[in-house]
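Since the structure comes first, as structure tokens, the remarks are kept for the end.
We name chains A, B, ... by the order of the sequence lines, and we start the count at 1 in each one.
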There are 2 protein chains.
Amino acid sequence: MPELKIESGSGMQANVEPLQLGKRLREIRKSLNLTLEEASQKTGLARSTLSKIENEQISPTFTAVQKLANGLQIDIPQLFAKPRTTMASGRRVLTKSGQGTPHPTSTYEHELLSTDLARKKMVPFKTRVRARSFDDFDDWVRHEGEEFLLVLEGELALYTEFYEPVAMVAGDSMYYDANMGHALVSLSETDALVLWIVAR
Amino acid sequence: MPELKIESGSGMQANVEPLQLGKRLREIRKSLNLTLEEASQKTGLARSTLSKIENEQISPTFTAVQKLANGLQIDIPQLFAKPRTTMASGRRVLTKSGQGTPHPTSTYEHELLSTDLARKKMVPFKTRVRARSFDDFDDWVRHEGEEFLLVLEGELALYTEFYEPVAMVAGDSMYYDANMGHALVSLSETDALVLWIVAR
DNA sequence: GGGAAATATTTCCTATACGCTATTTTATTG
DNA sequence: CAATAAAATAGCGTATAGGAAATATTTCCC
């Protein structure tokens, strides 16, 4: 399959230079290896209509754009946005079980599940919360961003600033604003295991 | 690769819900303290046209949208983007095991682990990949953002566009750019269970 | 509340987007 | 290279977006 090409010279404001929607759409369709006929099936728009849009012979209505976005699985802001410079396209990092980068602290034992994290949107950990860790709990953790956690093993309590603490068992998950003070303590005799993801 | 058509209601897609462009535009115009007449002057579109667009009586062409964006000094991606306002400080959402919002498709069974997801940075799923789902695999999934996944149960293969497929077992995790085509298939006789997080 | 000014909506006409079918162009195969 | 298939484009009728002016609605005085 062909490489997804990314425009380089698009200005940041859409009004500065007139965003070549048709060209963009053609590139996307090509990168998906679709013919006009196939794209037509997926989007519900006629072959000829797609052709005209791509050749900038007509200016699609917003409903047409919606059908396009839905059918080709592209989201609309992305369609109009200037190309972002993120992680190089085609990158992936596999972490085999237990092979993450260790990161121990007194209460927790973090295992970083993805390297090269500077440019990423999320930072995934697998964290072992030591048994009976309540004594070590003195102050809230608090930082920018949002967190998601899923209990993999054991039982623990999540303390959060504006709420009562909540007990969690394997399978339970929590999503919260990391600016709100938070802390995890194990309730069980054995360690608890948690998947922990932080987004900036 | 075998034949199958693409699900349009996968829930990971950004544009499943209608997106009320007209309502949005009216809000913007009001917030700028502009009358239809003034907006008309700035955009070059007729009063009546603006009115119809705001009342969703017509679907503006892309050229009309460009004029609007130009005249009112808004950039187009922003116009279509969902409200990016971060979650109100101090918020949290607990999801007990098995109590997420179900979201079934032909190959996968998604359980959404956090409600009110539009404003969040991450969208967490727990996904059951049906046993022997290989036959259903037709085309890459591809969208804006980055994904992290952790295998909770079973064995499966992650196919990614620029690499060889990789086999994963419980405890293995993967971080990748979602613009790169990707697809998960189960290798085992039983279903596989995966934690899946998408960041925009 | 009545009247006038400001603002928004509706009407009607013209311009153009969209779909169907025909035609041209590009790719494939012997 | 010819013949054929596949894909993209063009032509034309119909549906709908866009603009000018008329009508309706709201706002603001007194």
Do the non-hydrogen side-chain atoms of A:Leu184 and A:Thr127 ever get within less than 4.5 Å of each other? no
Quick one, B:Val194 and B:Met168 - any side-chain contact, counting heavy atoms below 4.5 Å? no
With a 4.5 Å heavy-atom cut-off, do A:Leu195 and B:Ser173 have their side chains touching? no
So how far off straight is the helix from C:dG1-D:dC30 to C:dG30-D:dC1, going by the axes through five pairs at either end, to 10°? 40°
I need the B:Thr63 OG1 to A:Glu56 CD distance, nearest 0.5 Å. 11.5 Å
With a 4.5 Å limit on heavy-atom distance, are the side chains of B:Leu149 and B:Tyr176 in contact? yes
Span of DNA chain C engaged by chain B, first through last nucleotide within the 4.0 Å heavy-atom cut-off, is C:dT7 to C:dA17
Roughly how far apart are B:Thr61 OG1 and B:Gln66 CD, rounded to 0.5 Å? 8.5 Å
Can a donor-acceptor pair be found, under 3.5 Å and without considering hydrogens, that links the side chain of A:Ser59 to the backbone of B:Phe62? yes
Distances for protein N or O near nucleotides 17-20 of chain D N or O, under 3.5 Å:
unit_1, atom_1, unit_2, atom_2, d
D:dA17, OP1, B:Ser59, N, 3.4
D:dG18, OP1, B:Thr61, N, 3.2
D:dG18, OP1, B:Thr61, OG1, 3.2
D:dG19, OP2, B:Ala46, N, 3.1
D:dG19, OP2, B:Thr49, OG1, 2.9
D:dG19, N7, B:Ser48, OG, 3.3
D:dG19, O6, B:Lys52, NZ, 2.4
D:dA20, N6, B:Ser48, OG, 3.0

Is the shortest heavy-atom distance from the side chain of A:Ile53 to the side chain of A:Ile58 under 4.5 Å? yes
Side chain B:Glu38, main chain B:Thr35, donor-acceptor under 3.5 Å: yes
May I ask you to test the B:Glu54-B:Leu36 pair for a side-chain heavy-atom distance under 4.5 Å? yes
If the condition is salt bridge (Lys or Arg N to Asp or Glu O under 4.0 Å), which residues does A:Glu147 pass it with, not counting sequence neighbours? none
Show every salt bridge (Lys or Arg N to Asp or Glu O under 4.0 Å) that has at least one partner inside residues 40-50 of chain B, sequence neighbours left out. B:Glu37-B:Arg47
Heavy-atom protein contacts under 4.0 Å, nucleotides 3-8 of chain D, coded B base, S sugar-phosphate only, - none: ----SS
